[in-house]
Protein chains: 2
Amino acid sequence: MLSKKTKYGIKALTYLANRIENCPVQISEISKSENISHKFLESILLTLRKAGVLGSKKGKGGGYYLLKPALEIKMTDVIRALEGPIAMVPCVSLNFYEKCDDCPDENACSVHKLMIQVRDNTLHVLRNTTLADLNAS
Amino acid sequence: MLSKKTKYGIKALTYLANRIENCPVQISEISKSENISHKFLESILLTLRKAGVLGSKKGKGGGYYLLKPALEIKMTDVIRALEGPIAMVPCVSLNFYEKCDDCPDENACSVHKLMIQVRDNTLHVLRNTTLADLNAS
DNA sequence: TATAATCCTACTGTTCCGATAGGGTAATAG
DNA sequence: CTATTACCCTATCGGAACAGTAGGATTATA
């Protein structure tokens with residue numbers, strides 16, 4: 001299941017991408033438009049800034065803005081920053097690998113085999129989808 | 001993330017599918033072979049029986065066995081029984097649909113659009129994979 | 001009738017998620 | 001220079017879900 005953090009993050013990014021000008025947008029503007037708690041959204045945007053997806057400007061007239069064109073922001077980057085692993089089990093994760101306690105041999109594990117298939121298919125979608133593809137049509 | 005319940009369930013099913021004879025296998029045999037807590041596995045196999053995947057025989061010499069040939073047991077059925085929804089958000093789930101609180105219009109939602117893509121790709125894998133495909137090679 | 005095994009309900013400890021609280025810090029307007 | 005605005009950061013907390021446990025009831029076999 002996708003966490004609300006990730007869901008709200010994607011919605012906020014889409015909102016930013018749909019603006020005509022890429023100038024700083026305040027948290028409260030996004031929060032009102034997308035029905036997201038102001039404080040919660042604040043922590044989400046902070047995470048995206050630390051991940052290098054968003055830039056921010058402090059003080060009056062400040063806010064958050066996209067650091068790159070929407071076409072260059074891949075969904076893999078966004079989801080990894082907010083959600084963590086894309087894989088459904090840590091033992092098939094590319095970026096967040098962890099060995100299973102119960103599995104003596106990964107290559108003989110049926111779950112491992114299946115989840116690699118799922119991961120590859122999911123990655124294919126997320127790698128080839130950018131923020132620009134999610135724009136309101 | 002896949003729950004341990006689902007993971008253990010798939011491992012147990014694979015174990016059953018790999019047996020030469022499809023006669024009742026005791027919980028403790030599977031539990032030992034796959035390093036799963038006996039009691040926990042018990043509840044998992046019970047779920048699979050209620051879902052119509054496994055049959056059981058009580059009393060001495062009893063145990064669990066596959067109700068259908070491995071080739072006819074789809075991963076979608078197994079995962080839905082143990083994990084619940086396959087989709088990453090309830091609003092794109094086929095079997096466990098729920099409307100989002102924050103979304104006035106699903107069709108305009110960027111997350112919705114993206115997650116339908118992911119769901120379709122995942123479903124494609126899980127529908128076309130049966131227990132027989134997971135056999136130890 | 002003893003024993004072996006599933007069946008079933010309830011409970012519990014832990015972890016994670018979603019959200020909140022409260023102040024600190026930087027930039028801008030005037 | 002100062003007030004205001006808005007981001008920055010840490011800590012905390014309630015609740016839900018997960019992983020696993022406990023204990024006995026039931027049923028079938030030998």
Side-chain angles (χ1 to χ4, degrees), chain A residues 1-12 16 23-32 34-67 79 82-85 88-90 96 98 100-102, chain B residues 1-12 16 23-32 34-65 67 79 81-85 88-90 96 98 100-102:
Chain A
M1 276 289 168
L2 208 68
S3 67
K4 297 222 168 172
K5 187 173 183 178
T6 306
K7 185 184 167 196
Y8 291 163
I10 296 174
K11 281 186 154 196
L16 290 176
C23 55
V25 180
Q26 298 162 27
I27 296 174
S28 51
E29 181 182 334
I30 307 174
S31 124
K32 275 171 200 159
E34 302 297 323
N35 298 311
I36 308 171
S37 144
H38 183 281
K39 272 295 195 179
F40 192 24
L41 181 57
E42 193 178 319
S43 71
I44 294 168
L45 297 181
L46 192 60
T47 304
L48 287 172
R49 185 185 62 83
K50 284 181 180 166
V53 177
L54 291 178
S56 66
K57 197 184 166 202
K58 284 188 184 177
K60 205 170 194 173
Y64 285 95
Y65 54 91
L66 299 179
L67 271 182
I79 291 182
L82 293 171
E83 189 81 9
M88 291 183 82
V89 280
F96 300 84
E98 269 177 62
C100 300
D101 295 334
D102 54 305
Chain B
M1 274 290 166
L2 209 67
S3 67
K4 298 223 168 171
K5 187 173 183 178
T6 306
K7 185 183 167 196
Y8 292 163
I10 296 175
K11 281 187 156 195
L16 290 176
C23 56
V25 180
Q26 298 161 29
I27 296 174
S28 51
E29 180 182 334
I30 308 174
S31 127
K32 276 172 200 158
E34 302 297 323
N35 298 312
I36 307 170
S37 145
H38 183 282
K39 272 295 192 177
F40 192 24
L41 181 58
E42 192 178 320
S43 70
I44 294 168
L45 297 181
L46 192 59
T47 304
L48 287 172
R49 186 184 63 82
K50 286 180 178 167
V53 177
L54 291 179
S56 66
K57 197 185 167 201
K58 285 188 183 177
K60 204 169 194 174
Y64 285 95
Y65 54 90
L67 270 182
I79 292 182
L82 294 171
E83 189 81 9
M88 292 183 81
V89 281
F96 299 84
E98 269 178 63
C100 300
D101 295 334
D102 55 304

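All values below come from the heavy atoms of this structure, side chains included, with hydrogens, waters and symmetry mates left out. Only a predicted model underlies this, so the values are computations on that prediction, with no experimental measurement involved.
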What are the 5'-most and 3'-most nucleotides of DNA chain C lying under 4.0 Å from any heavy atom of chain A? C:dG18 to C:dA29
Within the structure provided, determine whether A:Cys100 and B:Lys7 are in side-chain contact (heavy-atom separation under 4.5 Å). yes
Counterpart residues, side-chain hydrogen bond (donor to acceptor under 3.5 Å, both in side chains), relative to A:Glu83 (two or more places apart): A:Ser3, A:Thr6
What verdict does the side-chain contact (heavy atoms from CB on, under 4.5 Å) test give for B:Val25 and B:Leu16, after you've listed the backbone C-alpha separation in whole Å, the side-chain angles of each residue and the deciding distance to 0.1 Å? CA-CA 8 Å; B:Val25 180; B:Leu16 290 176; 3.6 Å; yes
Whether each nucleotide of nucleotides 5-11 of chain D has a protein heavy atom under 4.0 Å at its base (B), only at its sugar-phosphate (S) or at neither (-) is summarised, 5' to 3', as BSSBB--
Under 3.5 Å, side chain of A:Ser31 to main-chain N/O of A:Ser37, donor-acceptor pair present? no
Taking side-chain contact (heavy atoms from CB on, under 4.5 Å) as the definition, give me every residue that meets it alongside B:Gln26, ordered by chain and number, with sequence neighbours left out. B:Ser28
Output the rounded distance in Å from CE (B:Met1) to P (D:dC18). 14 Å
Minimum heavy-atom distance between A:Pro24 and A:Gly63, given as atom pair plus value: CB-N, 3.6 Å
Can you name the residues that form a side-chain contact (heavy atoms from CB on, under 4.5 Å) with A:Lys4, not counting sequence neighbours? A:Tyr8, A:Phe40
Report the residues that fulfil side-chain contact (heavy atoms from CB on, under 4.5 Å) with B:Ile27, sequence neighbours left out, ordered by chain and then residue number. B:His38, B:Leu41, B:Glu42, B:Leu45, B:Tyr64
To the nearest angstrom, the CG-P distance between B:Leu41 and D:dT21 comes to 12 Å
Please state how far atom CD1 in B:Ile44 lies from atom P in D:dG20, giving the value in whole angstrom units. 8 Å
